[in-house]
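In listed order, ligands and their atoms are each counted from 1.
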Amino acid sequence: MSDSTAVTVVEDQRVLTLTLNRPDKLNSFNEDMHYALRAGLERARDDANIGAVLLTGAGRGFCAGQDLGNRDPRAGGPAPDLGVTLETLYNPTLRLMKSMEKPIVCAVNGVAAGAGANIALACDIVLAAKSAKFIQAFSKIGLVPDAGGSWSLTHLLGEARAKALALTAEPLAAETAADWGMIWKAVDDDKLMDEATALARKLANGPTLGLGLTKKLIQAASTNGFDAQIDLERDFQREAGKSEDYAEGVTAFLEKRAPEFRGK
Ligand code: T3D
């Protein structure tokens, strides 16, 4: 586990809360923060006592993407190979987020720009404070969308809106993002953390085996055709149907009581 302060890590009631913590730089990514975030996610993936992740940012912003202080051309030398950063820092984390069979709830507490916006969109359920904005800032500095943004925006919004957001870098308000289906919902600023925490706790204490399979199933629908997808539903339902949680869920329903899920 990382001992960096760039991401604070708090475990409570089966939720691992990861808070990006470089507020004076709007939580922009340096190497330290990359590795700390990855270590937190790996802990959540591997620890059976953790059922869900809550990702948020410290201070007034969620994340402003890459720390551009580390990219100053005035320092001289050859141009950096940004492909290396993506390959070694961003992409492994994004793959981990998508592959871990536990839900990641994101509470976007303020501006989310560049890779910061797209890390949020790679989470499973995104809530944002009404004052938050999403900015595909890349085109302002001559880059292309990364951190999965070209995929997420296109899948969530379609080409028309994806292209306009990426080409113009216009800020998108949280409420519009919710209206467009880019995120789950926009909530009052002072309610954001309570609502996101309650949601993460509910998921973490739910039938986590089935929830993990559901995450995989929905993700597979982005590339599968209908036939392949209903075959996958059959396979995953077979697995879910053998779980203790399924037996408990049905028993609890029949006994008119709340279920006690164990994630098995
Ligand atoms: O490089 C690679 O490895 C490839 C990967 C690239 C991925 C990317 O994410 S590229 C895109 C990088 N991000 C940006 O271009 C966004 C830059 N930031 C902004 O445009 C604005 O800061 C915001 C629109 C996000 C917020 O604006 P505002 O007015 O609310 O805040 P501010 O005053 O601009 O920022 C507050 C402080 O945070 C300020 O520091 P100071 O002056 O108080 O000492 C500012 O410099 C700092 N800050 C904000 N974003 C970054 C940053 N410092 C370093 N890197 C940042 N990205």
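- Distance from atom 54 (C) of ligand 1 to its nearest protein heavy atom, with residue and atom name: Asp67 OD1, 3.2 Å.
- Side-chain atoms of Thr56 come within 3.5 Å of backbone N or O of Ala107 as a donor-acceptor pair.
- The single protein non-hydrogen atom nearest to atom 24 (C) of ligand 1 is Ile135 CD1, 3.7 Å, given as residue, atom name and distance.
- Scanning the protein heavy atoms around atom 27 (O) of ligand 1, the nearest turns out to be Leu26 CD1, 4.4 Å.
- Given atom 56 (C) of ligand 1, the protein heavy atom at minimum distance is Gln66 O, 3.6 Å.
- Counting only heavy atoms of the protein, atom 5 (C) of ligand 1 lies nearest to Asp146 OD2, 3.1 Å.
- Scanning the protein heavy atoms around atom 55 (N) of ligand 1, the nearest turns out to be Leu68 N, 2.9 Å.
- Within the structure, ligand 1 has Asp24 among the residues with a heavy atom less than 4.0 angstrom away.
- Partners of Glu244 under the side chain to side chain contact (heavy atoms under 4.5 Å, CB included) rule, at least two apart in sequence or in another chain, are Arg262, Lys264.
- Near Arg60, meaning under 4.0 Å from one of its heavy atoms, ligand 1 places the atoms 28 (P), 30 (O), 31 (O), 32 (P), 33 (O), 35 (O), 36 (C).
- A donor-acceptor pair under 3.5 Å is formed between the side chain of Lys102 and the backbone N or O of Ala44.
- In this structure a side-chain-to-backbone donor-acceptor pair under 3.5 Å is missing from Asp188 to Lys130.
- In this structure, atom 1 (O) of ligand 1 lies nearest to the protein heavy atom Arg71 NE, 2.7 Å.
- Between Ser139, Gly65, Gly149, Ala64, it is Ala64 that holds the heavy atom closest to atom 14 (C) of ligand 1.
- Using a 4.0 Å cut-off between heavy atoms, Lys140 makes no contact with ligand 1 at all.
- Of the protein's non-hydrogen atoms, the one nearest atom 52 (C) of ligand 1 is Lys25 O, 3.9 Å.
- A distance-only check finds no donor-acceptor pair linking the side chain of Asp189 to the backbone of Ala129 [under 3.5 Å].
- Ser152 places a side-chain N or O within 3.5 Å of a backbone atom of Gly148 that can act as its donor or acceptor partner.
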